[in-house]
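Here's the structure we're looking at; comments come further down.
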Amino acid sequence: MSYREKKNRIEYMVTCVGDFAHAHKMTPADAFSFLQKFKGLDFLSDCYDVEHSQSIDTAVDDLSEVCMRNGGVFA
């Protein structure tokens with residue numbers, strides 16, 4: 001994987017974490033921990049090729065669903 005590709009993936013994941021945090025009224029640090037605990041970050045990494053071609057809102061919805069399927073509960 002090229003440097004540019006790695007950079008794009010990291011920027012995409014940071015954006016998704018930030019938007020996920022905003023959507024669920026969490027701090028970015030709490031959102032990162034939540035996504036890590038409930039497999040959201042694994043999902044983003046594994047499904048990057050498909051997810052990055054969709055809207056960030058769709059990615060946030062997909063992340064929410066993945067986390068709920070893995071035991072995550074939103075307040």
Side-chain angles (χ1 to χ4, degrees):
M1 180 181 315
S2 70
Y3 170 79
R4 183 176 187 91
E5 205 172 354
K6 287 179 188 177
K7 184 178 183 240
N8 288 343
R9 283 179 177 250
I10 291 167
E11 287 175 355
Y12 175 76
M13 291 182 80
V14 168
T15 299
C16 287
V17 170
D19 283 22
F20 182 89
H22 181 74
H24 293 288
K25 297 177 177 60
M26 299 177 177
T27 66
D30 288 342
F32 181 86
S33 294
F34 187 91
L35 290 167
Q36 189 172 34
K37 181 175 183 180
F38 297 109
K39 309 297 184 206
L41 295 179
D42 292 337
F43 167 77
L44 272 185
S45 180
D46 294 344
C47 299
Y48 171 81
D49 291 336
V50 173
E51 287 295 314
H52 90 280
S53 67
Q54 301 180 37
S55 72
I56 295 296
D57 290 338
T58 299
V60 169
D61 290 343
D62 291 348
L63 284 169
S64 299
E65 188 174 326
V66 166
C67 289
M68 286 188 293
R69 286 183 183 174
N70 287 295
V73 177
F74 300 101

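Note that this is a predicted model, so its numbers are computed, not measured.
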| field | Nearest atoms (heavy-atom pairs only) where Pro28 meets Val17 | value |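 In this case the closest contact between Pro28 and Val17 is O-CG1, 3.8 Å.
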| task | Just grab all the side chain to side chain donor-acceptor pair (under 3.5 Å) pairs involving residues 31-56, residues at least two apart or on different chains. | result |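 Listed once each, the pairs are Ser55-Thr58.
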| said: Suppose the criterion is side chain to side chain donor-acceptor pair (under 3.5 Å): which pairs have a residue in residues 18-30, not counting sequence neighbours? | reply: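 Qualifying pairs: His24-Ser64, Thr27-Asp30.
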Rounded distance (nearest 0.5 Å) linking atom [atom1] of [X] with atom [atom2] of [Y]:
X	Y	atom1	atom2	result
Ile56	Tyr12	CD1	OH	5.0 Å
Leu63	Phe38	CG	CZ	13.5 Å
Glu11	Thr15	CD	OG1	7.0 Å
Met26	Phe32	CE	CZ	13.5 Å
Phe43	Cys16	CZ	SG	9.5 Å

| said: So Met68 and Val73, do their side chains get closer than 4.5 Å, heavy atoms only? | reply: no
| Phe20 reachable from Val14 in the ILVMFWY side-chain graph, under 4.5 Å edges | no
| field | Aromatic contact, Phe74 with Phe34 (centres under 6.0 Å) | value | yes
| request: Could you tell me which residues satisfy side chain to side chain donor-acceptor pair (under 3.5 Å) with Glu65, sequence neighbours excluded, listed by chain and number? | output: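 For Glu65 the side chain to side chain donor-acceptor pair (under 3.5 Å) partners, ignoring immediate neighbours, are Arg69.
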